[in-house]
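Below is one structure; the comments refer to it alone.
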Amino acid sequence: MNNSTYDVVVVGAGVFGAWTAFQLQRTGKRVILIDAHGPGHSRSSSGGESRIIRMGYGADEIYTRWAQRSLQLWRDLFTRIDQPLFCQTGVLWLAHEVDPYPDQSADTLRKLKISFEKLTTTEVSRRYPQIGLGGISAAMLEPESGVLLARRAVEALVKEAIKSGVEYLQEAVKAPIGQGSLNEITCTSGQRISAGQYVFACGPWLPRMFPNQLANRIQPTRQEVFFFGTSAGRGFAPPALPTWIDFKDEVYGLPDLEGRGIKIAIDRHGPPFDPDSGNRIATTEGLAEVRRCLARRLPELKDAPVTETRVCQYENTSNGDFLVDLHPELDNVWLVGGGSGHGFKHGPVVGEYVSARVAGSNEGIEPRFSLETKMREQQRTVF
Ligand SMILES: Cc1cc2nc3c(=O)[nH]c(=O)nc-3n(C[C@H](O)[C@H](O)[C@H](O)COP(=O)(O)OP(=O)(O)OC[C@H]3O[C@@H](n4cnc5c(N)ncnc54)[C@H](O)[C@@H]3O)c2cc1C
């Protein structure tokens, strides 16, 4: 039995929990990070090979600011640990005729002095002849954005956190109950751990841990991801092909990284999903839809072989804003999650933000991240 006392227990070593533990430790706290299955494991939302980091968020300036700072913090981490886990592929937004989002993004990027280029379809065709431009009227390139090698980045971060003093434990934590202040948590093995404050960053498991507060306020959905083999050569690897987003058609693609093949996925929310037992075999309908997108956007690959498929889950709040707030009945318990299909990139700033709140920052909770603003019906506005 371990009855040690910590300043903070962080439950969940996905991108949100790992960065939170790391940032808390850097402020001098004694921290233990606990995960049932390990950082970036296959069923976690952070467990995919790759995640896009882009600055464009339409008019949602707060997320552009967070992405900008997060990219710097990711880069700092990768420099410190000497691992190239960020691929600066560039991110190309493909804009339809009636599609205000890329234009709104451009306005925000201009305001924050983040570099971007507006491209005509002729320029896109000249630079990236692989891309089919049916229905596209213009494009915007973020040259400094790209892709984080997600699973490995979280693993490396946790190793670095341990090196700098965070304790790590692989155990499942039981849901806390009661009111007032939480004195300790109990693991399924019986081990009990106490701390001054507790952060639950349990991703898609949050509604199971806190059904009264979070059932339907965080809705895990099933998302399919496909990789396709490319023709020989480097025509579909960066820099020949950037990461691309067709926001209006709800589809995005990544170039061939590390020889895995190009990646393509639909961003529309799939059906409800159980992160423990949900079926992770991709469907023929999903493949057919993605192949139609492939034929439209990368026509040379329309019959390319599938090299890999994955099923992951988004953990959606009602509108896509994150959740970072105190538990309404436990005054030393923080609920952190709701990455909603776009959270990975923001891990470093989520960690900073939570760490400051745990330390008693008098800035309060950004209303967008509060529990109060999380409805039980989906109405997505943040992408
Ligand atoms: C297909 C797909 C594509 C995506 N694309 C992007 C993208 O391009 N860019 C981007 O920025 N974001 C993207 N996202 C979103 C992003 O990956 C997630 O928002 C983010 O990874 C969520 O991290 P998390 O730490 O909240 O959750 P998780 O990574 O799921 O971590 C939660 C952890 O908590 C642990 N846990 C849960 N319950 C317990 C318990 N009781 N005891 C102990 N441990 C527990 C779990 O084991 C898990 O490791 C995508 C997501 C998916 C699924």
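Throughout, numbering of the chain's residues begins at 1 and tracks the sequence. Counting starts at 1 for both ligands and their atoms, following the listed order. All values below come from the heavy atoms of this structure, side chains included, with hydrogens, waters and symmetry mates left out.
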Exercise. Side chain or backbone of Ala201 under 4.0 Å from ligand 1, or both, or neither, by non-hydrogen atoms?
Worked result: backbone
Problem set entry | Proximity flag Phe200 to ligand 1, non-hydrogen atoms under 4.0 Å | no
Problem set entry | Protein heavy-atom partner closest to atom 9 (N) of ligand 1 - residue, atom, separation in Å | Ile52 O, 2.9 Å
Exercise. Does even one non-hydrogen atom of Glu315 get within less than 4.0 Å of ligand 1?
Worked result: yes
For this session: Check each heavy atom of Val225 against ligand 1 and say whether those closer than 4.0 Å belong to the side chain, the backbone, both or neither.
Result: side chain
Exercise. Which residue holds the protein heavy atom closest to atom 17 (O) of ligand 1, what is that atom called, and what is the gap in Å?
Worked result: Arg51 NE, 2.9 Å
Problem set entry | Contact check, Gly48 vs ligand 1, heavy-atom distance below 4.0 Å | no
Exercise. Quick one: does His346 get within less than 4.0 Å of ligand 1, heavy atoms only?
Worked result: no
Exercise. Atom CD in Gln104, atom CG in Asp99: separation rounded to 0.5 Å?
Worked result: 9.0 Å
Problem set entry | N/O separation below 3.5 Å, Ala13 to ligand 1 | no
Exercise. What do you reckon, are the aromatic ring centroids of Phe322 and Tyr63 less than 6.0 Å apart?
Worked result: yes
Exercise. So does Arg380 pair up with Asp267, basic N to acidic O under 4.0 Å?
Worked result: yes
Seminar exercise, completed: One finds that the ligand 1 atoms under 4.0 Å from a non-hydrogen atom of Gly339 are 19 (O)
Problem set entry | Side chain, backbone, both or neither: the part of His342 lying under 4.0 Å from ligand 1 by heavy atom | backbone
Exercise. Short N/O distance, under 3.5 Å, between Phe16 and ligand 1?
Worked result: yes
Problem set entry | Part of Lys174 with heavy atoms under 4.0 Å of ligand 1, whether side chain, backbone, both or neither | neither
Exercise. Quick one: does NZ or CZ of Arg126 land under 6.0 Å from the six-membered ring centre of Tyr128, within 45 degrees of the ring axis?
Worked result: no
Exercise. Which residue and non-hydrogen atom of the protein lie closest to atom 39 (C) of ligand 1, and at what distance in Å?
Worked result: Cys202 SG, 4.0 Å
Problem set entry | Worked verdict on His346 versus Phe16 for ring pair (Phe, Tyr, Trp, His ring centres under 6.0 Å) | CA-CA 8 Å; His346 298 289; Phe16 282 0; 8.3 Å; no
Exercise. Looking at Leu254, Leu92, Leu257, which hits side chain to side chain contact (heavy atoms under 4.5 Å, CB included) with Thr243?
Worked result: Leu254
Problem set entry | Distance under 6.0 Å and angle within 45° of ring axis: Arg357 vs Tyr353 | yes
Exercise. Does an N or O from Gln313, backbone or side chain, lie closer than 3.5 Å to an N or O of ligand 1?
Worked result: no
Exercise. For His41 and ligand 1, does the shortest N/O to N/O distance drop below 3.5 Å?
Worked result: yes
For this session: May I ask you to identify, for Met209, whether its side chain, its backbone, both or neither come under 4.0 Å of ligand 1 on a heavy-atom basis?
Result: side chain
For this session: Decide ring pair (Phe, Tyr, Trp, His ring centres under 6.0 Å) for Tyr101 and Phe247; before the verdict, give the C-alpha distance in whole Å, the side-chain angles of both, and the deciding distance to 0.1 Å.
Result: CA-CA 8 Å; Tyr101 200 84; Phe247 182 73; 3.8 Å; yes
Exercise. Just checking, is any N or O donor in the side chain of Thr309 or Glu224 under 3.5 Å from an acceptor N or O on the other one?
Worked result: no
For this session: Under 4.0 Å, heavy atoms only, figure out whether ligand 1 is touched by the backbone of Val154, its side chain, both or neither.
Result: neither
Exercise. Is any side-chain N of the basic residue among Arg217 and Glu377 closer than 4.0 Å to the acidic one's carboxylate O?
Worked result: no
Exercise. Would you say Asp35 and ligand 1 have an N/O pair spaced under 3.5 Å apart?
Worked result: yes
For this session: Identify whether the distance between the nearest side-chain nitrogen and carboxylate oxygen of Arg43 and Asp274 falls below 4.0 Å.
Result: no
Exercise. Does any donor atom in the side chain of Trp93 or Asp246 lie under 3.5 Å from an acceptor atom in the other side chain?
Worked result: no
Exercise. Are any of the side-chain nitrogens in Asp321 or Arg368 under 4.0 Å away from the carboxylate oxygens of its partner?
Worked result: yes
Exercise. Do ligand 1 and Val11 have nitrogen or oxygen atoms that lie under 3.5 Å from each other?
Worked result: no
For this session: Indicate yes or no: does an N/O atom of Ala172 lie under 3.5 Å from an N/O atom of ligand 1?
Result: no
Problem set entry | ligand 1 to Phe344 polar contact by distance, N or O atoms, under 3.5 Å | yes
